[in-house]
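Letters go in sequence order (proteins before strands), and every chain restarts at 1.
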Amino acid sequence: MLQVNFIKQNKERILKGLATRNYKEDSSKLIDSIIEWDDARKETQTALDELLAKNKLFSKEIGGLFKQGKQEDANSLKQQVDANKVKIKALEDDMRDIKDKLDNGLLQIPNVPHDSVPAGNTDEDNEVYKEWTGALPNLGEKALPHWELAKKYNLIDFELGVKITGSGFPLFRGQGARLQRGLINFFLDEASKAGYEEIVPPLLVNEASARATGQLPDKEGQMYYVEKDDLYLIPTAEVPVTNVYRNVIVKEADFPIKLTGYTPCFRREAGSYGKDTKGLNRVHQFDKVEIVQIVHPEKSYEVLETMLDHVANLLTKLELPYRILRLCGGDLGFTSALTFDFETYSAGQGRWLEVSSVSNFENFQSNRLKVRYKDANNKTQLAHTLNGSALALARIIATLLENHQTPDGIRIPKALQHYVGFDIIN
RNA sequence: GGAGGAGUGGCAGAGCGGUUGAAUGCACUAGUCUUGAAAACUAGCAUAGUGAAAGCUAUCGGGGGUUCGAAUCCCUCCUCCUCCGCCA
């Protein structure tokens with residue numbers, strides 16, 4: 001969430017940013033309201049503080065008077081305190097009301113897109129940031145999509161997933177399961193080599209955590225919710241891993257903080273039934289290795305580049321053709337200032353599939369998380385947070401199977417052979 | 001799930017209705033001393049709101065209540081510890 005002071009000082013910039021996002025609400029009005037509410041908040045607070053200070057003083061006097069045995073004086077003071085208490089109660093009610101409005105208003109304003117974010121509505125308006133310059137695999141007429149390959153080599157059983165749970169919960173078996181496990185280890189090792197600390201977090205989180213990283217209230221319907229215990233199944237490791245630093249004031253010298261974590265991810269994908277749901281293209285449960293960084297505000301865009309390089313390097317080692325998109329305003333996540341998506345070419349389907357999303361949230365997320373540091377003047381400042389998938393498994397398996405299919409079987413890229421324990425699936 | 005105990009600043013730990021945002025120790029930061037370091041000594045050292053600042057206000061696990069006044073009393077929730085039960 002944006003800071004109120006930032007909103008006050010940058011109204012035009014925010015409106016321009018919201019336009020880039022193609023934001024539908026009457027944002028100008030909302031921003032004016034927020035500014036009004038905040039002014040009202042300050043005014044009420046000042047009035048309230050004055051009364052509280054008065055009563056505090058009176059109470060001290062009353063204490064003194066009692067000690068001196070001046071009961072009557074004390075009692076008359078008490079009446080004044082009581083009168084003030086009525087006013088205080090009213091102001092406190094006002095305050096709660098104003099704060100609610102202010103908080104709700106702030107929650108409705110998405111992050112301001114970075115200047116480089118192109119205006120646009122849908123994923124068709126995303127800008128190709130880095131094109132694939134090599135040749136795309138041409139497997140001819142015999143190229144199979146991954147769901148057929150999965151069946152042919154008995155790697156993934158979608159029907160069993162349906163039997164056990166429901167659609168969108170694939171079951172991996174045999175070499176398919178091995179491939180899955182190998183990829184996870186490969187991604188984690190690469191992240192460790194790049195200096196990320198490995199975390200094994202809880203897979204269910206409480207409301208405070210989901211709120212802090214911005215899943216709530218924005219994506220409430222997308223998360224599985226365990227009502228009995230009031231917990232959410234994580235839609236990404238970003239939630240528990242970033243929350244490690246919720247409400248923490250870090251030392252400036254500790255930057256950059258780099259964390260990685262492998263977790264299954266659970267997504268209800270409500271509203272997207274029937275769209276791209278074939279095979280592994282869109283599932284309710286998939287595995288992902290996430291990388292997260294908490295950095296000095298001046299460094300975040302530099303760090304974003306290194307994260308892009310990290311993901312690119314993974315895809316290169318997996319010998320997969322990929323391209324990088326810069327998301328347009330309309331496709332940009334609520335909390336993000338700038339997001340790059342990685343897509344790999346899916347040779348069996350003849351289309352590009354999103355396999356990673358790398359974002360800089362600037363201080364939008366840290367403002368809710370309250371991840372801060374002390375600057376040179378010992379003032380508390382918000383850190384910047386970034387994260388990226390490195391990588392999301394399900395679709396990587398899909399493209400891996402499709403791109404590396406040969407008449408003799410599915411070739412395992414060299415970098416991965418050591419992890420899966422075989423060099424071909426047949 | 002049942003019974004009991006406990007939650008105070010970065011850590012340890014006092015306070016248990018009155019001027020306490022909170023003793024003391026450790027840690028940390030700066031200074032004095034020293035060739036340098038250590039030790040010793042001196043000072044500083046929570047977060048947030050508001051304000052130009054001084055200051056004022058809130059916060060002693062969270063929320064609510066009693067009281068002129070609450071870290072201290074009451075209610076409730078959460079967390080941790082011990083014991084019993086169950087169990088991967």
> Which of these nucleotides, B:G49, B:U57, B:G69, is closest to any side-chain atom of A:S59?
Replying inline: B:G69

> Atom CG of A:L51 and atom P of B:C56: how far apart are they, to the nearest Å?
Replying inline: 16 Å

>> Could you tell me how far apart A:I88 (CD1) and B:U57 (C1') are, to the nearest whole angstrom?
In response: 11 Å

>> If I pick the P atom on B:G2 and the same atom on B:U8, what distance separates them, to the nearest angstrom?
In response: 25 Å

> With both distances kept under 3.5 Å, what pairs with B:C80, Watson-Crick or G-U wobble?
Replying inline: B:G5

>> Of the listed nucleotides (B:C68, B:U57, B:A48), which one gets closest to any side-chain atom of A:A53?
In response: B:U57

>> Can you tell me the base-pairing partner of B:A58? Count Watson-Crick or G-U wobble geometry only, both distances below 3.5 Å, and say none if there is no partner.
In response: B:U47

>> Distance check needed: B:U57 P versus A:K56 NZ, whole Å only.
In response: 4 Å

> Expressed as a whole number of Å, how far does the C1' atom of B:U67 sit from that of B:U79?
Replying inline: 29 Å

> Taking the side chain from A:D125 and the backbone from A:T122, do they hold a donor-acceptor pair closer than 3.5 Å?
Replying inline: yes

> Considering Watson-Crick and G-U wobble pairs with both distances under 3.5 Å, what does B:U42 pair with?
Replying inline: B:A30

>> Going by purine N1 to pyrimidine N3 plus the second Watson-Crick contact, or the G-U wobble pair, all under 3.5 Å, which nucleotide sits opposite B:U66?
In response: none

> Looking only at atom P, what distance separates B:U76 and B:C84, rounded to whole Å?
Replying inline: 27 Å

> The side chain of A:V81 lies closest to which of these nucleotides: B:U50, B:C68, B:A48?
Replying inline: B:C68

> NA contact type, A:L77, heavy-atom cut-off 4.0 Å: base, sugar-phosphate, or nothing?
Replying inline: nothing

>> Please give the distance between the P atoms of B:U72 and B:C33 as a whole number of Å.
In response: 47 Å

>> With nearest nucleotide decided by heavy atoms, which residue, A:G63 or A:L52, maps closer to the 5′ end of RNA chain B?
In response: A:G63

>> Work out how far the P atom of B:U82 is from that of B:A27, and round it to whole angstrom.
In response: 30 Å

> Do the rings of A:H284 and A:F169 sit parallel, tilted or perpendicular, given the 30° and 60° boundaries?
Replying inline: tilted

>> If I pick the C1' atom on B:C81 and the same atom on B:A30, what distance separates them, to the nearest angstrom?
In response: 40 Å

> CD of A:Q45 versus C1' of B:U57: gap in Å, rounded?
Replying inline: 7 Å

> When you compare B:U59 with B:G7, how far apart are their C1' atoms, in angstrom units rounded to a whole number?
Replying inline: 16 Å

> What is the nucleic acid contact for A:I249, judged by heavy atoms within less than 4.0 Å: base, sugar-phosphate only, or nothing?
Replying inline: sugar-phosphate

> Quick one: is A:K78 getting a side-chain N or O under 4.0 Å of the B:C68 phosphate, OP1 or OP2?
Replying inline: yes

> Using a cut-off of 4.0 Å on non-hydrogen atoms, how would the nucleic acid contact of A:N55 be classed: base, sugar-phosphate, or nothing?
Replying inline: nothing

> Any sub-3.5 Å donor-acceptor pair from A:D341's side-chain atoms to A:E354's backbone N or O?
Replying inline: no

> Could you give the CG-to-P distance, from A:L48 to B:U50, as a whole number of Å?
Replying inline: 14 Å

> When you check the side-chain N and O atoms of A:T213 and A:R368, is any donor under 3.5 Å from an acceptor?
Replying inline: no

> Among the nucleotides B:G49, B:C68, B:G64, which one has an atom lying closest to any side-chain atom of A:R96?
Replying inline: B:G64

> How far does CZ of A:R211 sit from CD of A:E207, to the nearest 0.5 angstrom?
Replying inline: 5.0 Å

> Quick one: are the ring centres of A:H384 and A:F361 less than 6.0 Å apart?
Replying inline: no

> Which one is paired to B:G17, where only Watson-Crick or G-U wobble pairs with both distances under 3.5 angstrom count?
Replying inline: none

>> Less than 3.5 Å apart, any donor N or O on the side chain of A:D423 or A:Q417 sitting next to an acceptor on the other?
In response: no

> Between atom CG in A:L91 and atom P in B:U50, what is the gap in whole Å?
Replying inline: 17 Å

> Among the nucleotides B:G51, B:C68, B:G64, which one has an atom lying closest to any side-chain atom of A:F66?
Replying inline: B:C68

> Taking the nucleotide of RNA chain B with the closest heavy atom to each, which residue, A:K54 or A:T46, is nearer the 5' end?
Replying inline: A:T46

> B:U57 P sits how many Å from A:F58 CZ, rounded?
Replying inline: 13 Å

> Taking the P atom of each, how far is B:G13 from B:C68, in whole Å?
Replying inline: 36 Å

>> If the cut-off is 4.0 Å, is A:K85 near the phosphate of B:G69, judged by side-chain N/O to OP1 or OP2?
In response: yes

> So among A:T236, A:L233, A:V283, which one has a side-chain contact (heavy atoms from CB on, under 4.5 Å) with A:F266?
Replying inline: A:L233

> Can you check the A:I98 CD1 to B:G49 P distance for me, whole Å?
Replying inline: 17 Å

> Any donor-acceptor pair under 3.5 Å joining the side chain of A:D49 to the base of B:G49?
Replying inline: yes

